[in-house]
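Worksheet: one structure, shown below.
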Amino acid sequence: MLPGSIRVFEPKDYPAVKRLFIDGIMENVTPAFKEALLHPVNLAVLAGIAALTYALPGHLRWLGFVVATAWIAAVYWCCHMFYAIYVNDKLASEMKDIEKHFLSLPGNCYWVAEHKKLKVIGGMVAVKSPRQNNMFRMIVDRQYRRHGLGVRLTQTVLDFAQEHEYKTCILGTSKAQKAAQKLYLKVGFQLIKTYTPDIKRFISFDSQKSTCEFY
């Protein structure tokens, strides 16, 4: 467990939070790429390339390998650009002014998990609440994972939702984020809806005060 505390974001945290945000989002590129390769369309394309390669004369079959490699590289590039565009968009908007977008209203908040001795940011999470509790930016630094920090950050959000008497709490996670899905299921959430092949929705029932719904 990270020896430290979970506290509200302060302006001095921004460089560390920005780094953690970029690293946390971009590490999804490889898992997303692996998921994309297994998509029926890509499997069909690669199977077609393999069939055409087999049909080519022996001295031309290298062309098939070149085309297959190029296709796989294009799939990876698309996955990389998807997350890169998302990161750039958020850094130019809500992540550019966290105090304005996450701390200016009573129903919003942004927390960081700070190492007690090293004074480094090991994780973060945020909520926005127009009409329901929306959970964002759940990211834990690689070196502090598997020590319960994700559970602590999630519980911080649930406690906040209860204090503000919200009945629902929503978040989104991609199909490629297996660890995140396991975390939400571990703390009691249930998958309730799939919006697209990449988005999953979870719901948890709190026995005392609130219902928390995740997508």
Next on the checklist: With a 4.5 Å cut-off on side-chain heavy-atom distances among I, L, V, M, F, W and Y, is there a chain of contacts connecting Val8 to Ile98?
Outcome noted: yes
Next on the checklist: Let me confirm one number: the CG-CD1 distance from Leu20 to Ile139, rounded to the nearest 0.5 Å.
Outcome noted: 5.5 Å
Next on the checklist: Could you see if Val151 belongs to whatever hydrophobic cluster contains Leu149? Use Ile, Leu, Val, Met, Phe, Trp, Tyr and a side-chain cutoff under 4.5 Å.
Outcome noted: yes
Next on the checklist: Set out, in order, the CA-CA distance, both residues' side-chain angles and the distance that settles side chain to side chain contact (heavy atoms under 4.5 Å, CB included) for Leu46 and Ile72, then state yes or no.
Outcome noted: CA-CA 9 Å; Leu46 292 174; Ile72 292 172; 4.1 Å; yes
Next on the checklist: So which atom in Ala113 and which in Ile6 form the shortest heavy-atom distance, rounded to 0.1 Å?
Outcome noted: CB-CG1, 4.1 Å
Next on the checklist: Please tell me whether Leu91 and Ile121 are part of a single hydrophobic cluster in this structure, the criterion being side-chain heavy atoms less than 4.5 Å apart.
Outcome noted: yes
Item to check | Salt bridge flag under 4.0 Å for residues Arg19 and Asp141 | outcome: yes
Checklist entry - To the nearest 0.5 Å, how far apart are CZ in Arg137 and NZ in Lys90? => result 5.5 Å
Checklist entry - Between atom CE of Met95 and atom CD1 of Ile22, what is the distance when rounded to the nearest 0.5 Å? => result 8.5 Å
Checklist entry - If every non-hydrogen atom of Glu99 is compared with every non-hydrogen atom of Pro11, which pair is closest and at what distance? => result OE2-CG, 3.6 Å
Item to check | Joint hydrophobic cluster, Met26 plus Tyr144, side-chain heavy atoms closer than 4.5 Å | outcome: yes
Checklist entry - Partners of Lys34 by side chain to side chain contact (heavy atoms under 4.5 Å, CB included), sequence neighbours excluded? => result Thr30
Item to check | With Asp13 via side-chain hydrogen bond (donor to acceptor under 3.5 Å, both in side chains) - residues at least two apart | outcome: Arg7
Checklist entry - Which other residues end up in the same hydrophobic cluster as Val66, if Ile, Leu, Val, Met, Phe, Trp and Tyr are linked when side-chain heavy atoms come under 4.5 Å apart? => result Leu56, Leu60, Trp62, Leu63
Checklist entry - Which atom pair, heavy atoms only, marks the closest approach of Arg61 to Tyr54? => result NH2-O, 2.9 Å
Next on the checklist: I need the Asn108 CG to Lys128 NZ distance, nearest 0.5 Å.
Outcome noted: 7.0 Å
Next on the checklist: With rounding to the nearest 0.5 angstrom, report the CD to CD distance, Glu114 to Glu10.
Outcome noted: 7.5 Å
Checklist entry - Are the charged groups of Glu27 and Arg145 less than 4.0 angstrom apart, N to O? => result yes
Checklist entry - Val87 and Met81: same hydrophobic cluster, using ILVMFWY side-chain contacts below 4.5 Å? => result no
Next on the checklist: So for atom CZ, which belongs to Arg146, do other residues, nucleotides or ligands contribute more than 12 heavy atoms lying within a distance under 6.0 Å?
Outcome noted: no
Next on the checklist: Suppose the criterion is ring pair (Phe, Tyr, Trp, His ring centres under 6.0 Å): which pairs have a residue in residues 67-111, not counting sequence neighbours?
Outcome noted: Phe9-Tyr110, Phe33-Tyr76, Phe102-Tyr110, Trp111-Phe160
Checklist outcome for this item: d(Thr154 OG1, Arg152 CZ) to nearest 0.5 Å is 11.5 Å
Checklist entry - Residues in side chain to side chain contact (heavy atoms under 4.5 Å, CB included) with Ala36, at least two apart? => result Asn42, Val75, Cys79
Item to check | Whether His164 side chain and Asp159 backbone form a donor-acceptor pair below 3.5 Å | outcome: no
Checklist entry - Can we say Glu94 and Lys100 salt-bridge, meaning some charged N sits less than 4.0 Å from an Asp/Glu carboxylate O? => result no
Checklist entry - Side chain of Asn28, backbone of Ile25: donor and acceptor closer than 3.5 Å? => result yes
Item to check | Results of side-chain hydrogen bond (donor to acceptor under 3.5 Å, both in side chains) for Asn88 - residues two or more places apart only | outcome: none
